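Notes follow the structure.
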2 protein chains.
Amino acid sequence: MTIKHIASALGVSHSTVSRALNDHSHISADMKERVRRTAMELGYVAHAGARTLRQAHARLIGMLVPDVMNQLFAVMIKVLAARCARAGYQLVLCVTEDDPEAELRHVEALRESRATGLIVVPTPGVLSKTALLMAAMPVVQFSRSHPAIAAPSVAIDGARGIANAVRHLADLGHRRIAYVGLSTALSNGAARADGFTGALAQRGLKVEPALFHPGGGTIEYARSTTAALLRGARAPTAIVYGSADLTEGGLESLRREDVDVPGHVSIIGFGDPGWFKLMTPGLSTVGLSLSESAEAAISMLLRQIEARETGSPLEPQTSLELEPFLILRETTAPPRAGD
Amino acid sequence: MTIKHIASALGVSHSTVSRALNDHSHISADMKERVRRTAMELGYVAHAGARTLRQAHARLIGMLVPDVMNQLFAVMIKVLAARCARAGYQLVLCVTEDDPEAELRHVEALRESRATGLIVVPTPGVLSKTALLMAAMPVVQFSRSHPAIAAPSVAIDGARGIANAVRHLADLGHRRIAYVGLSTALSNGAARADGFTGALAQRGLKVEPALFHPGGGTIEYARSTTAALLRGARAPTAIVYGSADLTEGGLESLRREDVDVPGHVSIIGFGDPGWFKLMTPGLSTVGLSLSESAEAAISMLLRQIEARETGSPLEPQTSLELEPFLILRETTAPPRAGD
DNA sequence: ATGAAAGCGCTAACAT
DNA sequence: ATGTTAGCGCTTTCAT
């Protein structure tokens with residue numbers, strides 16, 4: 001079933017059918033109607049591949065994330081899916097699991113599909129070939145950014161978020177504050193770790209290596225690190241977590257060891273999935289504007305795409321960092337007496 | 001940059017280049033190597049659209065879900081993404097938000113893209129045109145199923161899961177057990193509600209309309225229904241929830257009203273996101289084999305695709321229901337004295 | 001082992 | 001307002 005079949009069924013040329021289907025202005029309303037009806041009756045389904053053969057791009061937008069279960073990325077996907085549907089794009093979802101090779105394969109496939117644009121959470125080790133391929137399309141980096149990728153980014157100002165948390169604890173009287181955070185190999189992990197050490201310095205405290213763990217992103221990492229921290233000789237009186245997953249792991253450990261929070265240790269998490277407030281006691285945390293940042297990234301991408309299409313000059317896009325805000329619930333208190 | 005450029009750069013015909021790139025057996029290893037190198041150097045990127053013009057399908061698999069934040073669907077997406085990448089397919093993610101019109105538009109787009117197959121969580125009101133379009137491709141239904149869609153399904157045996165929960169509570173001595181569940185307009189909602197009433201009957205209890213609320217799927221619905229239940233004249237001594245989101249809403253309400261669980265009411269949730277065990281007290285719930293069911297659905301789809309490709313007869317695929325299992329933690333106890 | 005040629009379904013420039 | 005024609009980049013016979 002192609003436009004040619006429709007054309008011969010109607011005794012017109014296939015270009016008339018094409019124009020009618022595309023709502024071209026020089027086609028009579030009557031003709032458009034007849035074409036649409038026959039297309040319907042014949043069960044015609046346009047061939048997207050044939051169309052992209054004649055056009056520059058396919059109506060596809062790619063999204064590369066390390067993980068779909070992460071709330072931040074899940075929100076991004078949700079918002080992007082909505083915006084894509086509205087703008088007539090299909091969403092191709094690629095999960096990298098932070099593997100640069102997988103990332104490359106996905107970007108190659110996206111280029112072969114002639115995807116119109118791309119939102120990417122780059123892996124720590126983006127390959128040069130990947131960056132090269134990305135240079136050929138509108139791209140926005142999300143949550144993390146990589147110097148090899150010449151594309152604007154939208155992220156959370158994690159340094160500010162963590163610094164706020166640390167200052168709050170220091171002002172409460174804590175001197176031995178621990179950090180369990182993302183690896184500094186990640187741009188966002190590095191920023192958050194800097195926020196931690198910076199705020200400590202600001203309050204005249206120095207980072208104790210035994211309490212500083214910017215070493216991983218998994219629940220398991222936070223679980224074991226937290227357990228070790230609690231058992232350590234000079235245990236911290238407060239712990240700050242550097243991601244939502246890490247917070248979950250820490251909470252598991254605290255629960256398992258039946259630690260008194262905030263009596264024994266104060267805790268500040270990162271991110272705010274709905275269940276944080278359901279904890280007993282309610283978890284204090286660094287709140288993030290997830291959908292705002294997702295929207296910002298998508299708008300940025302759409303602006304690039306539009307500029308490319310209209311050939312307009314597009315003012316150089318500047319990267320964006322959204323402000324986190326401290327949500328104080330019940331897991332912070334002055335340090336235990338004697339500490 | 002097309003195979004023709006590569007061809008003339010090498011002084012060979014473009015069909016040789018095509019064959020070399022596709023690792024055709026009649027091409028010398030040397031030629032393959034030279035072609036690949038020049039393709040590389042010239043920055044050649046194959047054109048997927050042109051390829052699908054000559055082939056039956058594009059290497060795309062579609063996934064239609066109502067919502068990406070739901071843990072069950074998130075796991076499905078994660079597993080599907082991994083399997084697709086492994087099998088050389090791209091994953092097109094479509095979010096329906098349970099809107100049949102949106103669902104139709106997505107399926108149309110998928111057909112136009114010549115997607116190879118589709119995993120779908122059907123909306124309650126699947127349009128006949130949607131079903132018609134789906135009939136033209138390998139499909140498997142996930143989590144829910146709709147009679148208009150002639151495709152096998154993989155789901156959780158929610159009736160069993162809920163029935164187990166209810167029996168456990170009845171055996172503990174509860175007589176006034178409430179249910180807050182998904183709408184019966186959904187196939188899975190209907191099954192779970194049936195599981196509830198069936199188990200009640202089995203234990204010689206009858207359903208009290210005031211305690212039976214299979215009316216919605218949102219957190220907000222569970223929050224308000226739970227609040228009303230607790231305030232009611234003949235309040236329940238136990239509440240069973242019919243989905244993970246509903247459980248979360250119920251928990252919010254219980255927390256807000258500072259209800260003693262399980263002293264005052266026993267609670268059994270549905271699903272088991274990691275944080276359920278972190279609640280105080282630890283939440284008893286109906287556990288599900290999420291990734292097993294996701295894997296089963298994908299394998300089923302891949303088998304259909306393969307059968308279609310080899311033209312083999314494919315034994316009629318039978319739908320699958322996975323067994324849930326009760327996870328008893330600390331939110332169930334015998335009813336309060338005097339009840 | 002390689003080349004020549006046809007054609008997949010569509011859009012668009014150029015007629016009329 | 002509609003028709004004619006020429007490709008878009010690729011795979012795939014059919015030749016050689």
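Every chain is numbered from 1, with letters handed out A, B, ... down the list of sequences. This is a predicted model, so every value here is computed, not measured.
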B/Asn22 CG to D/dG9 P, straight-line distance once rounded to whole Å: 17 Å
When rounded to whole Å, the NE2 to P distance for the pair B/His5 and D/dC8 reads 9 Å
Search all heavy atoms of A/Met137 against all heavy atoms of A/Ala115 and return the closest pair with its distance. SD-O, 4.1 Å
Which residue in the set A/Leu60, A/Leu133, A/Leu64 passes side-chain contact (heavy atoms from CB on, under 4.5 Å) when paired with A/Leu110? A/Leu64
Tightest non-hydrogen contact, residues B/Arg308 and B/Ala136, listed as NH1-O, 3.3 Å
Report, one pair per line, the protein and nucleotides 3-5 of chain D atoms (nitrogen or oxygen only) whose separation is under 3.5 Å.
residue: D/dG3; atom: OP2; partner: A/Ser13; partner atom: N; Å: 2.9
residue: D/dG3; atom: OP2; partner: A/Ser13; partner atom: OG; Å: 3.4
residue: D/dG3; atom: OP2; partner: A/Thr16; partner atom: OG1; Å: 2.4
residue: D/dG3; atom: N7; partner: A/Arg19; partner atom: NH2; Å: 2.6
residue: D/dG3; atom: O6; partner: A/Arg19; partner atom: NH1; Å: 3.0
residue: D/dG3; atom: O6; partner: A/Arg19; partner atom: NH2; Å: 2.8
residue: D/dT4; atom: O4; partner: A/Ser15; partner atom: OG; Å: 3.0

Rounded to the nearest 0.5 Å, what separates atom OG1 in B/Thr218 from atom CG in B/Asp67? 11.5 Å
Outer limits of DNA chain C sitting under 4.0 Å from a non-hydrogen atom of chain B, read 5' to 3', are C/dA1 to C/dG9
Measure NE2/B/His26 against P/D/dC14 and give the value in whole Å, please. 14 Å
With distance as the sole criterion, is a donor-acceptor pair present between the side chains of B/Thr130 and B/Glu103 under 3.5 Å? no
For the pair made of CD1 in B/Ile6 and C1' in D/dC10, what is the distance, rounded to whole Å? 12 Å
From the list A/Thr96, A/Leu72, A/Leu93, side-chain contact (heavy atoms from CB on, under 4.5 Å) with A/Val65 holds only for A/Leu93
In residues 53-62 of chain B, which ones come under 4.0 Å of DNA chain D, going by heavy atoms? B/Leu53, B/Arg54
Smallest heavy-atom separation, A/Arg19 atom then A/Ile27 atom, equals CB-CG1, 3.6 Å
If you pin A/Lys4 and B/Ser28 to their nearest nucleotides in DNA chain C, which one's is more 5'? B/Ser28
Please confirm whether the backbone N or O of A/Gln141 pairs with a side-chain atom of A/Ser153, one donor and one acceptor, at under 3.5 Å? no
Interatomic distance where NE2 belongs to B/His24 and C1' belongs to D/dC14 [whole Å]: 13 Å
Closest nucleotide of DNA chain D for A/Ile27 versus for B/Gly49: which of these residues is on the 5' side? A/Ile27
Heavy-atom donor-acceptor pair, B/Arg144 side chain to B/Leu186 backbone, under 3.5 Å: no
Rounded to the nearest 0.5 Å, the CD1 atom of B/Ile298 sits from the SG atom of B/Cys84 at a distance of 7.0 Å
Heavy-atom pair of closest approach, residues A/Pro66 and A/Asp98: CB-OD1, 3.7 Å
Name the nucleic acid region contacted by A/Thr2, choosing base, sugar-phosphate or nothing; use a 4.0 angstrom heavy-atom cut-off, strictly under. sugar-phosphate
note: A/His47, atom NE2; D/dC8, atom P; distance rounded to Å ~ 18 Å
